[in-house]
Each structure stands twice: as C-alpha cells, then as structure tokens.
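No hydrogens, no waters, no symmetry mates; every other heavy atom, side chains included, goes into these values. Note that the coordinates shown come from a computational prediction; the quantities given were computed from them, not determined experimentally. FYI, the numbering just counts along the sequence from 1.
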Amino acid sequence: MRTNLFFKTLHIIILTYFIAFITFLPEADAQVRKSRKKEKPPITEKLWYGGGFNLNFGSDIYSSVFTIGVSPMVGYKLNSFLSAGPRVSIDWTIAKFNDGFTAYKFNSLDYGVGAFLRAKFFHNFFAHLEYSQLNVTYSDGNVINNKLVKYREWKDILLLGLGYTSDSEISYEFYVNYNFLEDDNSFQVPILYRAGITYKF
C-alpha cells in the first residue's frame with residue numbers, strides 16, 4: 001500500500017515537472033533569441049548614407065566643358081575603417097566647341113551605376129576607390145543642319161582619390177579623384193572633384 005502511494009506520488013512529481021518544462025520552454029527559447037538579437041546588431045546599424053555633388057570643368061582654344069551632377073550612395077561598414085557599397089549618378093553637361101569658323105553648343109544628361117570601396121583613417125580623411133559604368137552622350141564632330149550629331153555609349157571609369165570629412169554623425173565631405181580610364185583624346189579632364197554630405201559614415 002505504501003509502495004503504491006510512493007509510486008503515485010513520484011509519478012505526480014515527474015508529471016508536474018514535465019508540464020512545467022513544456023510550459024516554460026517557449027518562454028525560455030524566446031529569451032535566448034532575444035539575447036542573440038542583442039548580441040548581433042541589425043544590418044541597418046552598419047549602413048551609412050551619402051549624397052554627392054559632382055563638378056567637372058575644362059577648356060582649351062577649341063572647347064569648353066562644364067558638368068554638374070548628383071550621386072546618392074549607400075555604404076556597408078565591413079569593419080571600423082573599411083566600407084563598400086553601390087553608387088548611382090546623374091550628370092548634366094554643357095559644352096561649346098569651335099572649329100575656327102562656327103561655335104556649336106552641346107548639352108547632355110548622363111547617368112551611371114557603380115560600386116566603391118572606402119578606407120577611413122585619422123578620423124577625418126579617407127581614400128576612395130570606385131568602378132562605375134556611365135551612359136554618356138558624345139559627338140565625333142560631325143555637323144548636320146548646323147547642329148552637332150550626338151551619340152550615346154557606355155563608358156567605364158576607374159577612380160582613385162583622397163578626401164576629407166567632418167567627424168560627426170551628419171558630415172560634409174570633399175574629395176578629389178583621378179580617372180585612370182579616361183581616353184587621352186577625350187575633351188574631359190581626368191581629374192574629378194566631388195563634394196557631398198554623409199550620414200553615419
């Protein structure tokens with residue numbers, strides 16, 4: 001009789017512990033997941049955002065070119081100083097050409113997409129490496145009805161530059177780049193000046 005009572009009590013205790021385990025298991029699992037989320041920050045905390053302002057100009061006795069544009073970008077922080085991401089651009093160009101007798105105007109709206117790699121050092125300075133493809137308008141000098149004939153093509157650019165940024169959450173930046181893929185016969189100068197604003201860079 002006592003033996004049966006002992007086993008019944010043991011069964012009740014085991015069943016109580018089993019029910020308690022099943023009941024509190026989801027809550028414990030939720031706590032573990034919550035702590036894991038705290039350990040691993042969301043991807044948005046590693047992103048920074050920028051908006052660039054492009055300026056390029058050059059002239060000689062036969063031509064003058066002025067380009068202005070904007071270029072939004074998003075960077076992902078690979079570590080404390082290195083980041084990478086995509087960049088798009090829209091540029092407006094105004095140019096004048098002179099063949100010695102007549103001056104011709106040339107206007108274009110160009111766009112591009114690319115990727116960049118940045119290394120930040122000494123808090124306020126950074127190196128900028130970028131490869132982009134631009135859809136640009138150009139002319140080979142042919143004239144029809146007193147107007148330059150325009151063509152469009154995809155153009156590769158490879159930039160390497162140095163820049164300065166203010167060390168704050170919302171920062172301004174300025175950097176100078178050299179285009180290693182600029183055609184020697186192009187009227188564009190290979191040096192490109194950029195200025196812009198970044199957030200959390």
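- For Leu82, the side-chain contact (heavy atoms from CB on, under 4.5 Å) partners at least two apart in sequence or on another chain are Leu78, Asn79, Leu117, Ala119.
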Listing, residues 64-76 side-chain donor-acceptor contacts under 3.5 Å, not counting sequence neighbours, or none:
unit_1, atom_1, unit_2, atom_2, d
Thr67, OG1, Thr93, OG1, 3.0
Ser71, OG, Asn54, OD1, 3.4
Ser71, OG, Arg87, NH2, 2.8

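- Under the side-chain hydrogen bond (donor to acceptor under 3.5 Å, both in side chains) criterion, Asn142 pairs with Asp140, sequence neighbours left out.
- The shortest heavy-atom contact between Gly58 and Val189 is CA-CG1, 4.4 Å.
- Residues Phe106 and Thr137 share a closest heavy-atom pair of CZ-O, 3.5 Å.
- With sequence neighbours excluded, the residues that form a side-chain contact (heavy atoms from CB on, under 4.5 Å) with Thr44 are Pro42.
- Linking ILVMFWY residues whenever their side-chain heavy atoms come closer than 4.5 Å, directly or via other members, places Leu47 and Phe81 in the same cluster.
- The same ILVMFWY cluster, assembled from side-chain heavy atoms under 4.5 Å apart, contains both Trp92 and Ile90.
- When the salt bridge (charged side-chain N to carboxylate O under 4.0 Å, His left out) test is applied to Asp91, no partner is found at least two apart in sequence or on another chain.
- Note: Asn98 CG to Tyr104 OH = 9.0 Å, rounded to the nearest 0.5 Å.
- Looking at every heavy atom in both residues, Ser171 comes nearest to Ser168 through OG-O, 2.5 Å.
- With sequence neighbours excluded, the residues forming a side-chain hydrogen bond (donor to acceptor under 3.5 Å, both in side chains) with Lys155 are Glu182, listed by chain and number.
- Of all heavy-atom pairs between Asn177 and His128, the closest is OD1-CD2, 3.7 Å.
- Using a 4.5 Å cut-off on side-chain heavy atoms (C-beta onward), Glu153 and Tyr151 make no contact.
- Under the 4.5 Å side-chain criterion, counting only non-hydrogen atoms from C-beta, Leu158 is in contact with Leu129.
- Annotation for Lys150: atom NZ counts as buried by contact number, over 12 foreign heavy atoms lying within 6.0 Å.
- The line from OH of Tyr138 to CG of Asp183 is 11.0 Å long, rounded to the nearest 0.5 Å.
- Lys200 contributes atom NZ, which lies 7.0 Å from atom CD of Glu45 (distance to the nearest 0.5 angstrom).
- By the ring pair (Phe, Tyr, Trp, His ring centres under 6.0 Å) test, Phe125 pairs with Tyr164, sequence neighbours left out.
- Residues meeting the ring pair (Phe, Tyr, Trp, His ring centres under 6.0 Å) test with Phe122, sequence neighbours left out: none.
- Between the Asn135 side chain and the Asp110 main chain, no donor and acceptor come within less than 3.5 Å of each other.
- Not counting sequence neighbours, the partners of Ser83 by the side-chain hydrogen bond (donor to acceptor under 3.5 Å, both in side chains) test are Trp48.
- Evaluation of the side-chain contact (heavy atoms from CB on, under 4.5 Å) rule for Val113 yields Val88 as partners, not counting sequence neighbours.
- In this structure, CG in Asn56 is found 10.0 Å from CZ in Arg194, a value given to the nearest 0.5 Å.
- Annotation: side-chain contact (heavy atoms from CB on, under 4.5 Å) contacts of Asp156 (sequence neighbours excluded): Tyr131, Gln133, Leu181.
- Hydrophobic cluster membership of Leu134, counting Ile, Leu, Val, Met, Phe, Trp and Tyr whose side-chain heavy atoms lie under 4.5 Å apart directly or via other members: Val136, Ile157, Leu159, Leu192.
- Scanning all heavy atoms of the two residues, the minimum distance from Pro86 to Phe116 falls at O-CE2, 3.4 Å.
- For the atom pair OG (Ser132) and CH2 (Trp154), the distance works out to 10.5 Å, reported to the nearest 0.5 Å.
- Taking OH of Tyr175 as the reference point, atom CZ of Arg118 lies at 5.0 Å (rounded to 0.5 Å).
- Tyr199 and Tyr172 end up in different hydrophobic clusters when Ile, Leu, Val, Met, Phe, Trp and Tyr side chains are linked at under 4.5 Å.
- Side-chain heavy atoms closer than 4.5 Å link hydrophobic residues (I, L, V, M, F, W, Y) into clusters, and following such links, possibly through other members, connects Leu109 to Ile94.
- Surrounding OH of Tyr178 are at most 12 heavy atoms belonging to other residues, nucleotides or ligands under 6.0 Å away.
- Using cut-offs of 30° and 60° on the angle between ring planes, the pair Phe57 and Tyr193 is parallel.
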